[in-house]
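Contents: one structure, followed by commentary.
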Amino acid sequence: MPKTNAFFANNLIQWYLQNKRTLPWRATKDPYRIWLSEIILQQTRVAQGLPYYLKFIEAYPSVKHLADAPESDVLKLWQGLGYYSRARNLHATAKMVANDMNGIFPNNYKELIKLKGVGDYTASAIASICYDHSEAVVDGNVFRVLSRVFSVSTPINSTVGQKEFKKLAQQLIDQKQPGTYNQAIMEFGARYCVPQNPNCDACIFNPHCIAFQTKTVNQLPVKIKAKPIKKRYFNYLVVISKNEKTILQQRLGKGIWHKLYEFPLVETSEKVNAKKLKTLPQFQEYTQNLKFESITLYNDEPITHKLSHQHLITQFWIIETFKEQHDFIPISKITKYAVPVLIENFVSEFFANY
DNA sequence: AAACCGGGGTA
DNA sequence: TACCCAGGTTT
């Protein structure tokens with residue numbers, strides 16, 4: 001174990017100053033930019049989130065710009081990043097800050113955590129990075145580093161584990177540079193104390209890391225096993241009129257992709273053929289006024305779109321029709337709507353010639 | 001406490 | 001495959 005908390009913090013910060021990546025949100029203490037970066041980086045790798053951060057800063061240079069944008073624009077810009085509640089909460093919080101707080105972000109943990117989409121981690125990150133408050137962050141990196149160095153085997157996704165690691169992190173934080181310390185331990189976890197095959201032999205902490213000394217690094221951190229993945233069967237009805245128009249619907253119920261757009265969807269409990277599909281009430285409801293000319297299966301082999309907790313086994317049915325209704329939109333306008341990656345991939349492939 | 005919420009990278 | 005990622009909200 002590290003001899004003292006100061007030893008741990010000082011060495012971590014020293015390592016960080018020599019090894020940190022140059023990232024745009026590390027060049028500012030502007031709470032708008034720090035907040036935006038933290039929301040984008042929730043459950044998201046830096047490499048994946050970075051282009052989105054740059055897009056958002058360009059489109060919305062201030063919280064007021066973001067607040068004044070339509071939610072549909074924010075969702076469209078967020079398209080492809082996943083966990084879309086982040087985008088909806090981002091926009092709601094921007095409106096709150098711009099309209100009810102005079103455009104000024106709260107400057108302490110207690111007020112920050114009241115914002116939509118801001119939990120313990122994000123409130124601590126903003127308070128420490130922007131305002132030098134001693135609020136320890138606990139993200140996936142911190143769980144991993146602390147569980148190994150101090151050999152804590154409490155499951156990190158249990159309630160007691162969350163509290164235990166938070167308390168330990170708060171004991172270790174550098175009081176003089178809490179923001180730098182927080183970023184240092186996260187960077188160390190992301191770049192050095194990595195989940196698989198970390199280079200422990202060259203690690204600055206290996207004399208003090210209990211997991212290394214006891215050869216239990218590959219057993220930590222401990223995580224309670226997740227539930228098995230559920231399979232769902234999606235049938236999208238890609239209606240195409242002679243006038244090159246189609247139908248999109250907005251998802252408004254509970255569940256995935258709330259407020260994003262998709263083709264009319266018939267979900268089934270198993271893979272269906274055209275004959276079976278035509279008998280389903282949902283299919284008949286969608287097509288009753290269409291008088292469709294033909295229906296053909298686009299993808300012979302179903303496309304399996306993999307989410308973290310479910311696999312979407314998807315068939316796209318091409319339905320040609322003479323009739324057009326008020327809710328038809330030009331195919332060329334599909335790109336204006338925020339759609340899931342599953343839909344985006346199909347559209348870019350199938351409509352490449354339109 | 002458990003369930004739910006995306007998409008992509010890595011071994 | 002399995003696991004993970006600068007987590008948070010809802011039930």
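Letters go in sequence order (proteins before strands), and every chain restarts at 1. As the structure is a prediction and not an experimental result, all values here were calculated from the model.
Residue A/Ser85 is classed as having no contact, given no heavy-atom separation below 4.0 Å to the nucleic acid. Residue contacts for A/Gly189: at a heavy-atom cut-off of 4.0 Å it reaches no nucleic acid atom on any strand shown. Nucleic acid contact for A/His258: none, since no nucleic acid atom lies under 4.0 Å from a heavy atom of the residue. Contact annotation for A/Arg26: base contact, defined as any heavy-atom pair under 4.0 Å involving a base atom. Using a 4.0 Å heavy-atom criterion, one finds that A/Gln196 contacts the sugar-phosphate atoms exclusively. Across all strands shown, A/Val194 has no heavy atoms under 4.0 Å from either base or sugar-phosphate atoms. Residue A/Asn182 is out of contact with every strand shown, counting any heavy-atom pair closer than 4.0 Å.
Taking atom CZ of residue A/Arg45 and atom C1' of nucleotide B/dT10, one finds them 7 Å apart after rounding to whole Å. A/Ile113 places its CD1 atom 10 Å from the C1' atom of C/dG8, with the value rounded to the nearest Å. Rounded to a whole Å, the NZ atom of A/Lys259 is 18 Å from the C1' atom of B/dG6. If you measure from atom CG of A/Leu81 to atom P of B/dG6, you get 11 Å, rounded to the nearest angstrom. As rounded to whole Å, 10 Å separates atom P of C/dA6 from atom CD of A/Gln48. The distance between atom CG of A/Leu41 and atom C1' of B/dG6, rounded to the nearest whole Å, is 15 Å. Counting to the nearest Å, the C1' atom of B/dG6 and the OH atom of A/Tyr84 are 6 Å from each other. Put simply, CD on A/Gln162 is 13 Å from P on C/dT9, counting in whole angstrom units.
Paired with A/Phe346 under the rule ring-ring contact (aromatic ring centres under 6.0 Å, His included), one option of A/Phe316, A/Trp317, A/Tyr236, A/Phe234 passes, and it is A/Phe316.
Closest contact between the side chain of A/Glu187 and the listed nucleotides C/dC4, C/dA6, B/dG6 involves C/dA6. Residue A/Thr122 places its side chain closer to C/dG7 than to any other of C/dC3, B/dG6, C/dG7.
Summary of the strand contacts: A/Arg21 and A/Lys306 both lie near DNA chain C, and taking for each the nucleotide with the nearest heavy atom, the more 5' one is attributed to A/Lys306.
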Using atom names, set out every protein N or O paired with an N or O of nucleotides 2-4 of chain B below 3.5 Å, distance rounded to 0.1 Å.
{"unit_1": "B/dC4", "atom_1": "OP2", "unit_2": "A/Lys227", "atom_2": "NZ", "d": "3.3"}

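Taking the six-membered ring where the residue is Trp, the centroids of A/Tyr32 and A/Tyr60 are separated by 6.0 Å or more. Proximity of the aromatic rings of A/Phe205 and A/Phe212 is defined here by a centroid distance below 6.0 angstrom, and this criterion is not met.
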